[in-house]
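The structure appears below as structure tokens.
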Amino acid sequence: MLPGSPLMSSHALKRLADSISDCSYLFLYLRDGLPEFGMTAVGRILSIAEDTGADMLYSDYYERICGSQGNAGTRKHPLIDCQRGALRDDFDFGPLLVFRAESFVKAARLVSDGFRFGGLYALRLAMGKIVHINEYLYTSVETDLRKSGEKQFDYVDPRNREVQMEMESICTDYLKRVGAYIGPSSRCGMPRQDGGFPVTASVIIPVFNRAATIADAVRSALSQKCSFGYNVIVVDNHSSDGTSELLGRMAAEDSRLVLLVPDRTDLGIGGCWNYAVRNDACGRYAVQLDSDDVYSSETVLERIVGEFGKQDCAMVVGSYLMTDFSMNPIPPGVIDHKEWTDANGHNNALRVNGLGAPRAFCTSLVREIGFPDTSYGEDYAMGLRISREFRIGRIYDVLYFCRRWEGNSDAALSQEKVNANNFYKDRIRTWELEARIRLAADRHQDRQ
């Protein structure tokens with residue numbers, strides 16, 4: 001058992017590799033102190049390692065909660081399988097990693113020198129077989145007691161910028177090794193928009209039971225000052241809290257508000273988007289606004305639509321400010337995803353957990369591709385798919401206020417829900433990774 005850190009330099013990694021040449025397995029613990037193993041846990045880990053031939057193993061565990069009032073109890077911390085597309089540098093393996101010593105030494109020698117933070121990330125990307133033991137084999141002290149809604153933006157914190165740039169470099173090198181890297185010059189600009197559109201742009205707002213916020217969102221959209229025609233399409237997914245009645249009254253007062261109620265009841269947020277963009281009322285560009293949120297000014301829609309031509313792109317992504325219900329700024333503040341670059345953002349998108357917001361799309365392309373009919377990750381899936389072949393434009397100014405309140409769906413998720421969300425996004429990344437490998441191979445074949 002040796003101590004380690006999630007952010008480990010390549011120098012420390014290689015020094016560690018030099019020290020384990022005479023052992024069979026390395027147990028690397030990424031927190032202070034030592035874990036408390038279950039009665040037969042160590043033997044169980046080694047047995048599975050031998051049975052599977054794994055190069056790296058990790059297991060579910062118990063976490064002991066220690067807050068300001070001392071020990072607050074113990075709870076289960078389940079983990080998820082590490083898929084091929086699980087390229088996030090913050091993938092949760094738990095604090096205990098187990099390596100076959102010879103695999104660790106071999107991979108460590110492949111890690112480039114000079115990494116200050118990403119040595120361990122580069123190492124695990126070089127691992128062969130990674131096995132998740134879905135058994136609770138040890139107990140570890142947990143000190144990060146923040147809610148899920150607070151943790152999810154750590155990777156866009158400006159204080160972590162240097163770390164993120166290094167992680168991007170490591171992931172990009174990995175994509176090149178596996179044949180999934182897409183060069184900056186291989187993508188198209190704005191796709192051809194076939195067919196007539198009734199207006200230039202449509203603001204799309206899927207909603208379900210948001211009587212407390214939907215009127216603010218709709219008013220924000222209807223208040224936009226534009227040099228072109230636009231409308232606001234709200235897809236009411238069978239609300240039962242008064243949202244429907246409120247929207248009905250607003251639609252009667254302004255013909256630009258198009259209220260749609262699907263004739264089916266099995267649609268997620270992605271399905272509501274598909275329903276909206278396929279409607280005859282949808283404009284040439286489809287622009288997102290969540291039912292909790294509001295645009296930051298009356299010029300947002302004009303700005304977004306103008307960027308399609310200026311940046312010659314198929315999708316535009318803006319920036320937003322985190323606020324409380326009353327729209328007072330709250331940490332972490334501005335979410336601008338400045339890790340995006342035109343040269344490599346489409347590759348780095350496979351590492352980060354989102355592309356930013358608000359999002360806007362060329363409607364004809366969205367109609368062709370289609371959102372996955374889910375209520376989580378549908379926007380990320382669309383962004384990855386578009387960035388595979390088309391350019392995405394970015395706006396780094398704050399375009400809307402993202403309100404956090406007790407009704408938010410992702411403010412304080414259970415570990416099981418966090419796992420389900422992460423597993424799905426990893427699955428999206430896996431499919432996208434495989435598609436890009438095939439695309440790169442086809443392009444290489446065409447050049448032969």
Side-chain angles (χ1 to χ4, degrees), residues 145-159 203-226 230 232-237 239-251 253-254 256-257 259 269 272 287-304 317-338 353-360 375-376 379 395-414 417-418 421:
L145 304 180
R146 293 176 300 161
K147 296 178 180 179
S148 61
E150 298 172 296
K151 295 179 182 179
Q152 66 177 326
F153 297 109
D154 284 352
Y155 72 103
V156 293
D157 189 326
R159 293 172 296 182
V203 176
I204 308 296
I205 309 178
V207 63
F208 175 71
N209 285 354
R210 283 292 185 266
T213 60
I214 186 60
D216 291 339
V218 171
R219 291 191 193 101
S220 170
L222 290 173
S223 70
Q224 295 298 296
K225 307 299 183 185
C226 300
Y230 77 94
V232 179
I233 301 178
V234 177
V235 182
D236 179 13
N237 203 10
S239 297
S240 59
D241 69 338
T243 295
S244 303
E245 292 76 12
L246 178 58
L247 287 169
R249 292 193 294 270
M250 296 184 77
E253 296 172 358
D254 195 322
R256 295 174 301 164
L257 176 55
L259 180 57
I269 293 175
C272 289
V287 185
Q288 167 256 340
L289 180 62
D290 289 343
S291 58
D292 295 305
D293 307 327
V294 298
Y295 289 135
S296 60
S297 75
E298 298 176 341
T299 62
V300 168
L301 191 57
E302 179 89 31
R303 174 76 184 279
I304 290 174
V317 183
S319 303
Y320 58 96
L321 176 68
M322 300 293 298
T323 76
D324 60 19
F325 187 82
S326 300
M327 288 180 282
N328 300 306
I330 60 173
V334 176
I335 306 298
D336 53 19
H337 284 272
K338 284 189 175 178
N353 227 19
L355 300 184
R359 299 163 292 273
S375 292
Y376 178 81
D379 51 344
I395 301 174
Y396 295 106
D397 299 326
V398 170
L399 299 185
Y400 84 74
F401 301 135
C402 180
R403 294 198 284 183
R404 277 287 184 267
W405 59 297
E406 63 274 9
N408 279 128
S409 57
D410 60 352
L413 302 180
S414 67
K417 185 60 176 176
V418 169
N421 288 347

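Using modelled atom types, one side-chain atom of Ser297 and one backbone atom of Thr299 make a donor-acceptor pair closer than 3.5 Å. Side chain of Ser223 to backbone of Glu298: no donor-acceptor contact under 3.5 angstrom is found. In this structure, Gln288 contributes its side chain and Arg359 its backbone to a donor-acceptor pair below 3.5 Å. Although no hydrogens or angles enter the test, the distance criterion places a donor-acceptor pair under 3.5 Å between the side chain of Tyr230 and the main chain of Gln224. Judged by distance alone, with hydrogens and angles left aside, the side-chain atoms of Arg404 form no donor-acceptor pair with the main-chain N or O of Met322 at under 3.5 Å. For Ser239 (side chain) and Asn209 (main-chain N/O), a donor-acceptor pair under 3.5 Å exists by modelled atom type.
What you find for Val418 and Leu413 is that their closest heavy atoms are CG2-CB, 3.8 Å. A pairwise comparison of heavy atoms in Leu246 and Ala211 identifies CD2-O, 4.0 Å as the closest pair. Contact record, Tyr400 with Ala357: OH-CB, 3.6 Å, taken as the closest heavy-atom pair. Closest non-hydrogen pair, Ala251 versus Leu257, comes out as N-CD2, 3.5 Å. Minimum interatomic distance between Val232 and Ala221 (heavy atoms only, all atoms of both residues): CG2-CB, 3.6 Å.
Note that OG of Ser244 and CZ of Arg249 are 10.5 Å apart. Values are rounded to the nearest 0.5 Å. With rounding to the nearest 0.5 Å, the separation of CZ in Arg210 from CG in Asp241 is 8.5 Å. Distance check, rounded to the nearest 0.5 Å: CG of Leu399 to OG of Ser319 gives 6.5 Å. Here Asn237 contributes atom CG and Ser291 contributes atom OG; the two are 11.0 Å apart, rounded to the nearest 0.5 Å. For the atom pair OG1 (Thr243) and CZ (Phe208), the distance works out to 8.5 Å, reported to the nearest 0.5 Å. Atoms OG and CG, on Ser220 and Leu289 in that order, are 5.5 Å from each other to the nearest 0.5 Å.
With Arg403 as the partner, the salt bridge (charged side-chain N to carboxylate O under 4.0 Å, His left out) test is satisfied by one option alone out of Asp292, Asp293, Asp290, Asp216: Asp216.
Ile205 places a side-chain heavy atom less than 4.5 Å from the side chain of Ile214. Using a 4.5 Å heavy-atom threshold, the side chains of His337 and Val317 count as separate. By the 4.5 Å heavy-atom criterion applied to side chains, Val234 and Met250 are not counted as neighbours. Two residues are said to be in side-chain contact when any heavy atoms from C-beta on lie closer than 4.5 Å; Asn328 and Thr323 fail this criterion. Contact check for Phe325 versus Thr213: side-chain heavy atoms found under the 4.5 Å cut-off. Looking only at side-chain heavy atoms (C-beta outward), Val203 and Tyr295 come within less than 4.5 Å of each other. Looking only at side-chain heavy atoms (C-beta outward), Pro358 and Ile304 come within less than 4.5 Å of each other.
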